Novice: 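Pasting in a structure now, in structure tokens, and then I'll have a few things to ask.
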There are 2 protein chains.
Amino acid sequence: MATFHYNPHISVDCVIFGFDDEKINILLIKRKQIDKKVYALPGDLVKKGEDLDVAAARILSELTGLSNVYQEQFKTFGSPDRIQDPADIEWLKSIREHPEARVITVGYNAIIKTNDFEIHASSFAEEVMWHPIEKPQKLAFDHNDIANTGWAMLREKIKREPIVAFNLLPKKFTLRQLQTLYEAIVGNELDKRNFRKRMLRNKFIVPLDEKEQNVSHKPAQYFAFDKEIYKEDFAKDQWFLF
Amino acid sequence: MATFHYNPHISVDCVIFGFDDEKINILLIKRKQIDKKVYALPGDLVKKGEDLDVAAARILSELTGLSNVYQEQFKTFGSPDRIQDPADIEWLKSIREHPEARVITVGYNAIIKTNDFEIHASSFAEEVMWHPIEKPQKLAFDHNDIANTGWAMLREKIKREPIVAFNLLPKKFTLRQLQTLYEAIVGNELDKRNFRKRMLRNKFIVPLDEKEQNVSHKPAQYFAFDKEIYKEDFAKDQWFLF
DNA sequence: ACAAAAGTGTTAGGCGTACACCCATGG
DNA sequence: CCATGGGTGTACGCCTAACACTTTTGT
């Protein structure tokens, strides 16, 4: 395995969330490691001279097949004793040229619609899967810490920049869909009437002349997200909050 | 200069703010570089096997004499073209074993009372100074970007965790002092009556049986910050906001 | 006619903001 | 008695949160 062109000290871990129209999932890989099932975040060493953002895109793509995902850096993890579990050490020996090297890792996160992307395992990933965030799962290294931090910081970001949320919905969406998404993000239920009032105050959510069809109940109105109005509003430093 | 025990790829830059009872300043160093005045953030390479937090403390102390400052990581800067200015390149050649190496740098920030600490230049710092944040100053490398990001993220942090602000005041303080501090942080003036109302809602600001003395106006009441009440309040997820 | 989800309004309390005058002290 | 900064209250508008019934459609 030719690893001479890797920087042995710097890695990237990708904390990717996916919304499946119902709940939020996190993207995990299962390592190729005989007789053990170890789940981990997709992550690997950065190449010498490679930009961190570029490395994050490459690593995610190599392990999971996901490309064109806009990831953002959220924190760097640099404790020298990040690696302690014997299973992790064994695995590093099997794959790294300098398995004992001290590695600092830069966490990147992103959130996407699971339906818009196909995932398939490759490189040292034996499997890739979407795992519901509400079901705890033990991960390799300090990946539980990294994943939790990544989720907390993404939620903070969505509060400040709700545009992130609208990328998770189809172009036309109902208020029920929007509410389901918000409930998945905040982790609890919201009052329908108050939710609608708050949302419809935002002029960048525009009603369409179109309704649901073939539903066995009163059809819901479709809405769309208007990027231009959104940008103006945020230029004026107006806020839309949870 | 024996630099073999440094990791040539990882550095730390320290963005330290100081409150001098009036305004916020940033800690800068002037490099030892003949015939050029170059200001920069205190920063240097991390040692092999050194924890990032430990490195931040060491580097700050080596360059500026400041110790026991609780710094927090805020962002990692990893663009491969961070270094472009000929003056910066010349300087790296004079000091680094691998001056051409691609370096990613981890930004740390902190805010302290300038009066509680003494600064004195050492190592490759020729001078150390507190520079008012409202006066722009061109810095080496991408340090302007790092400093601005560090300040923005510290402000965000203070909003969420006001305890940071109370570390900048004496144990007994007047509401006027508290307001001056807040005005320095937010960068504009605040209404006295409204400020008091908001602050005194917080039960962790407790009035003392003591007033100012020897002032040529009505003496102000002293208050203190009660850490226990603060912790309870924040456990209950109550908020104190700007 | 029934089931299922859409859609709608009011009230009460808390919070932010704007704004002007009297008070206590030292000199 | 003057200068200086400390200390106080009210009114308005906006937001949040709690809460129940009618409407439209497919079956």
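Given the structure is predicted, the values throughout are model-derived calculations rather than measurements. Throughout, a chain's letter reflects where its sequence line sits, starting with A, and its residues are numbered from 1.
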Novice: Could you tell me if the side chain of A:Asp44 sits less than 4.5 Å from the side chain of A:Val12, heavy atoms only?
Specialist: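 No, too far: nothing below the 4.5 Å cut-off.
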Novice: Nearest-Å distance, CE (B:Met199) to C1' (C:dG16)?
Specialist: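 In whole Å, C:dG16 C1' lies 13 Å from B:Met199 CE.
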Novice: Given atom CG of B:Asn188 and atom P of C:dT17, what is their separation to the nearest angstrom?
Specialist: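 B:Asn188 atom CG is separated from C:dT17 atom P by 11 Å.
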Novice: Once you round it to whole Å, what is the distance between P of C:dT8 and CZ of A:Phe195?
Specialist: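 For the pair A:Phe195 CZ and C:dT8 P, the rounded distance is 15 Å.
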Novice: Could I get the full list of side-chain hydrogen bond (donor to acceptor under 3.5 Å, both in side chains) partners for A:Gln221, not counting sequence neighbours?
Specialist: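 Per chain and number, A:Gln221 pairs via side-chain hydrogen bond (donor to acceptor under 3.5 Å, both in side chains) with no residue.
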Novice: Just jot down the side-chain hydrogen bond (donor to acceptor under 3.5 Å, both in side chains) partners of B:Arg82, sequence neighbours excluded, or say none.
Specialist: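 Testing B:Arg82 for side-chain hydrogen bond (donor to acceptor under 3.5 Å, both in side chains), a comparison that skips the adjacent residues, returns B:Asp142.
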Novice: If each of A:Gln213 and A:Arg201 is mapped to the nucleotide of DNA chain D with the nearest heavy atom, which maps nearer the 5' terminus, i.e. the 5' end?
Specialist: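 Its nearest nucleotide lies further toward 5', so the answer is A:Arg201.
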Novice: Does anything in residues 54-75 of chain B form a side-chain hydrogen bond (donor to acceptor under 3.5 Å, both in side chains)? List the pairs, not counting sequence neighbours.
Specialist: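 Residue pairs passing side-chain hydrogen bond (donor to acceptor under 3.5 Å, both in side chains), neighbours aside: B:Glu50-B:Arg58, B:Arg58-B:Glu62, B:Tyr70-B:Glu72, B:Glu72-B:Lys157.
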Novice: List in chain and number order the residues that pass side-chain hydrogen bond (donor to acceptor under 3.5 Å, both in side chains) with A:Lys23, two or more places apart in sequence or in another chain; answer none if no residue qualifies.
Specialist: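 Only A:Asp20 meet the side-chain hydrogen bond (donor to acceptor under 3.5 Å, both in side chains) criterion with A:Lys23.
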Novice: List the atom pairs, donor and acceptor, that lie under 3.5 Å between side-chain atoms in residues 207-218 of chain B and the rest of the protein, sequence neighbours left out.
Specialist:
| unit_1 | atom_1 | unit_2 | atom_2 | d |
| --- | --- | --- | --- | --- |
| B:Glu210 | OE1 | B:Lys172 | NZ | 3.4 |
| B:Glu210 | OE2 | B:Lys172 | NZ | 2.5 |
| B:Glu212 | OE1 | B:Ala220 | N | 3.0 |

Novice: When every nucleotide of nucleotides 2-12 of chain D is labelled 5' to 3' by its protein contacts under 4.0 Å (heavy atoms), B for base, S for sugar-phosphate only, - for none, what sequence of letters results?
Specialist: -BBBBBBBB--
